[in-house]
Amino acid sequence: MEITTPGRICLFGEHSDYLGLPIIAMAISLRAKIIGKKRTDNQVIIHKPDLNETETFSLEGLSYTRSRDYFKSCIKTCQNEGLAFSSGFECEVSSQIPIRAGASSSSAINVSWIHFLSKMADNPVEWTQEKIGELTYQAESTEFNEPGGMMDQYTTAMGHIIHLESEPNISIQSLNPELGAFVLGDSEQPKDTMGILKRLNDSRTEILNILRAKNPDVNIHTMDSNTNLDNLNSEQRKMYQGTVENRNLLRKALVELEKKEPSPQLIGKLLTELHVVLRDIFSISTPKIELMLDAAIKAGALGGKITGSGGGGCMFAYAPNHPEKVAEAIEQAGGKAYIVHSDDGTKLVD
C-alpha cells in the first residue's frame with residue numbers, strides 16, 4: 001500500500017495559529033510517501049532511506065524512547081479512536097520535502113502514517129482528510145504537550161489552500177484560486193523551531209496578560225491600534241503592533257483569495273509586507289534568507305517571505321510568470337530551489 005502527502009507553505013498568519021489566530025496555508029507539490037505491508041508478527045519496521053536509518057519496535061512496546069516519538073504516538077492515537085492492530089507492518093518512508101526546513105516534512109510523514117494505519121487496521125476505516133489532520137495534531141502536539149498550532153497537520157492532510165480558524169471552534173475554509181507557480185528556496189541552514197516558538201509565544205502571551213490586567217475584555221481577535229498600550233515597554237509595543245499587522249494582512253489576503261481570479265500583484269505585495277513584519281519585528285529571518293528573497297524579487301518574483309518557524313530553513317517566492325528564472329536566482333544566491341504549485345492532500349495511490 002502506498003500513501004502520499006504534500007508539504008506546505010504558510011501564506012499568511014505565520015506565528016499566529018498557536019495564539020488562536022487564523023492562518024492561510026497552501027499544500028505544495030513536494031510530497032512524502034509511505035509504502036508498506038502487514039507482517040506476520042507484531043514488529044513495526046520503518047525504513048528511512050533519506051536518513052540512512054531504520055526504526056524498529058513492537059506493537060506491545062509503545063512506551064516512548066525518544067523525544068517526539070511520533071510513529072508510536074500515531075499508533076496510540078489510532079488505538080484511542082478504536083482501531084486494533086493484530087499484526088505489525090514493514091514500511092519505507094521517503095520524502096521530496098526539505099527536512100527540518102519549515103515546509104512540514106514531519107507532519108506530512110505523520111499524516112501519511114495515520115492514513116496508512118487507518119487502512120492497515122484489523123477493521124479499516126475511511127477517515128476524511130480533515131479527521132486525519134485532527135488525529136495527527138493530537139499525536140504530534142497534544143500527546144507531547146508541545147507549542148504549535150494546527151496549520152501543518154490540517155494543511156498537509158486536506159491539501160490545496162485552506163483558511164483555518166481555531167477559535168472559538170475549528171473552522172476550515174477551502175480556497176481554490178488559480179495562483180500559479182511558487183518557488184520554494186531552502187537555505188540549508190538549520191532552524192531553532194522550539195526556541196523561536198517559545199520566544200514568540202511567551203512574549204506575546206505576556207503582552208496579552210499585561211493588557212488584560214488593565215482591561216479584561218482585551219481580545220486578540222479585536223485588539224487594534226487604538227488599544228491602550230501605556231503599560232507596555234517599547235519592545236512590547238513593537239511586538240504588539242507586529243502581531244496586529246500580521247493578523248490584518250491575513251484579513252486583506254483572505255478577501256483577495258476568496259476571488260476566483262485574485263490579483264497576483266496584490267498577493268505578492270501582501271506576502272512581502274508580511275515578511276517585513278517577520279524580519280523586522282519577529283526577528284526570524286537570516287542574512288542568507290534575505291539574499292535569496294532579494295535575488296528572487298530581482299528575477300521577477302512578485303513577492304515572498306520566510307516560511308516556517310524561521311531562524312533558517314526555507315523562504316518562498318511567488319513567481320507565476322517566470323519561475324525558472326526565479327529558481328535559478330535563488331540557487332545563485334546559495335539556496336536549493338524547487339518550483340511548486342498547490343497540490344492535493346493526503347491520498348492513497350492505487
Hey, is the main chain of Thr346 close enough, under 3.5 Å, to the side chain of Thr5 for a donor-acceptor pair?
no
Assign the ring pair Phe89 / Phe85 to parallel, tilted or perpendicular, where the plane angle (0 to 90°) is split at 30° and 60°.
perpendicular
Return yes if some donor-acceptor pair links the side-chain N/O of Asp17 with the main-chain N/O of Ile23 below 3.5 Å, else return no.
no
Would you indicate whether Lys119, at its atom NZ, is surrounded by more than 12 heavy atoms from other residues, nucleotides or ligands within a distance under 6.0 Å?
yes
Can you give me the closest heavy-atom contact between Lys325 and Ala299, atom names plus distance?
O-CB, 3.8 Å
Give a yes or no answer on whether the side chain of Thr156 reaches the backbone of Pro6 with a donor-acceptor pair at less than 3.5 Å.
no
Under 4.5 Å between side-chain heavy atoms, hopping through other hydrophobics if needed: is there a path connecting Leu302 to Ile9?
yes
Using modelled atom types and a 3.5 Å cut-off, is there a donor and acceptor pairing between side-chain atoms of Thr205 and backbone atoms of Asp202?
no
Apply the test salt bridge (Lys or Arg N to Asp or Glu O under 4.0 Å) to residues Glu92 and Lys48: give CA-CA distance (whole Å), side-chain angles for both, the deciding distance (0.1 Å), then the verdict.
CA-CA 6 Å; Glu92 180 176 287; Lys48 309 172 189 177; over 6 Å; no
Rounded to the nearest 0.5 Å, what's the gap from SG on Cys78 to CD on Gln138? Could you check?
10.0 Å
Between His115 and the options Thr136, Asn110, Ile132, the side chain to side chain contact (heavy atoms under 4.5 Å, CB included) test singles out Ile132
Checking side chain to side chain contact (heavy atoms under 4.5 Å, CB included) against Ile24, which of Gln173, Arg251, His163 comes through?
His163
Without hydrogens or angle criteria, can the side chains of His322 and Glu328 be said to hold a donor-acceptor pair below 3.5 Å?
no
Does atom CG of Asp224 have more than 12 heavy-atom neighbours from other groups under 6.0 Å away?
yes
Joint cluster assignment, Val276 & Val244, ILVMFWY side-chain distance < 4.5 Å
no
Quick one: pull up CD1 in Ile161 and CG in Leu179 and give me the separation to the nearest 0.5 Å.
4.5 Å
With distance as the sole test, does Arg204 use its side chain to make a donor-acceptor pair with the main-chain N or O of Leu200 at under 3.5 Å?
yes
Might you confirm whether atom NZ of Lys347 has over 12 heavy atoms from other residues, nucleotides or ligands at distances under 6.0 Å?
yes
Test log, rule side-chain contact (heavy atoms from CB on, under 4.5 Å), inputs Asn231 and Gln236
CA-CA 9 Å; Asn231 288 4; Gln236 289 171 328; over 6 Å; no
Using modelled atom types only, decide if a donor and an acceptor are shared between the side chain of Arg237 and the backbone of Leu229 within a distance under 3.5 Å.
yes
Roughly how far, to the nearest 0.5 Å, is the CD1 atom of Ile99 from the CD1 atom of Ile109?
7.0 Å
Gap between atom CD of Glu261 and atom CD of Glu256 - 0.5 Å precision:
11.0 Å
Apply side-chain contact (heavy atoms from CB on, under 4.5 Å) to Leu175 and His160, showing your working.
CA-CA 7 Å; Leu175 304 168; His160 298 291; over 6 Å; no
Minimum-distance pair of heavy atoms, taken over all atoms of Ser187 and Ile289
CB-CD1, 3.9 Å
Check: Arg31 side chain, Asp344 main-chain N or O, donor-acceptor pair, under 3.5 Å
yes
In terms of side-chain heavy atoms, does Gln189 have a donor or acceptor partner in Thr286 at a distance below 3.5 Å?
yes
For Glu90 and His47, test the side chains for any donor-to-acceptor distance below 3.5 angstrom and give the result as yes or no.
yes
Side chain of Asp50, backbone of Ser95: donor and acceptor closer than 3.5 Å?
yes
Is it the case that Glu143 and Tyr64 place a side-chain donor and acceptor less than 3.5 Å from each other?
yes
Determine whether more than 12 heavy atoms belonging to other residues, nucleotides or ligands lie under 6.0 Å from atom NZ of Lys33.
no
When rounded to the nearest 0.5 angstrom, what distance separates CD in Glu235 from CD1 in Ile281?
9.0 Å
I need the Thr77 OG1 to Leu83 CG distance, nearest 0.5 Å.
10.5 Å
So, the side chain of Ser263 versus the backbone of Leu266: is there a donor-acceptor pair under 3.5 Å, distance only?
yes
Does the Asn201 side chain pair with the main chain of Leu197, one donor and one acceptor, at a distance under 3.5 Å?
no
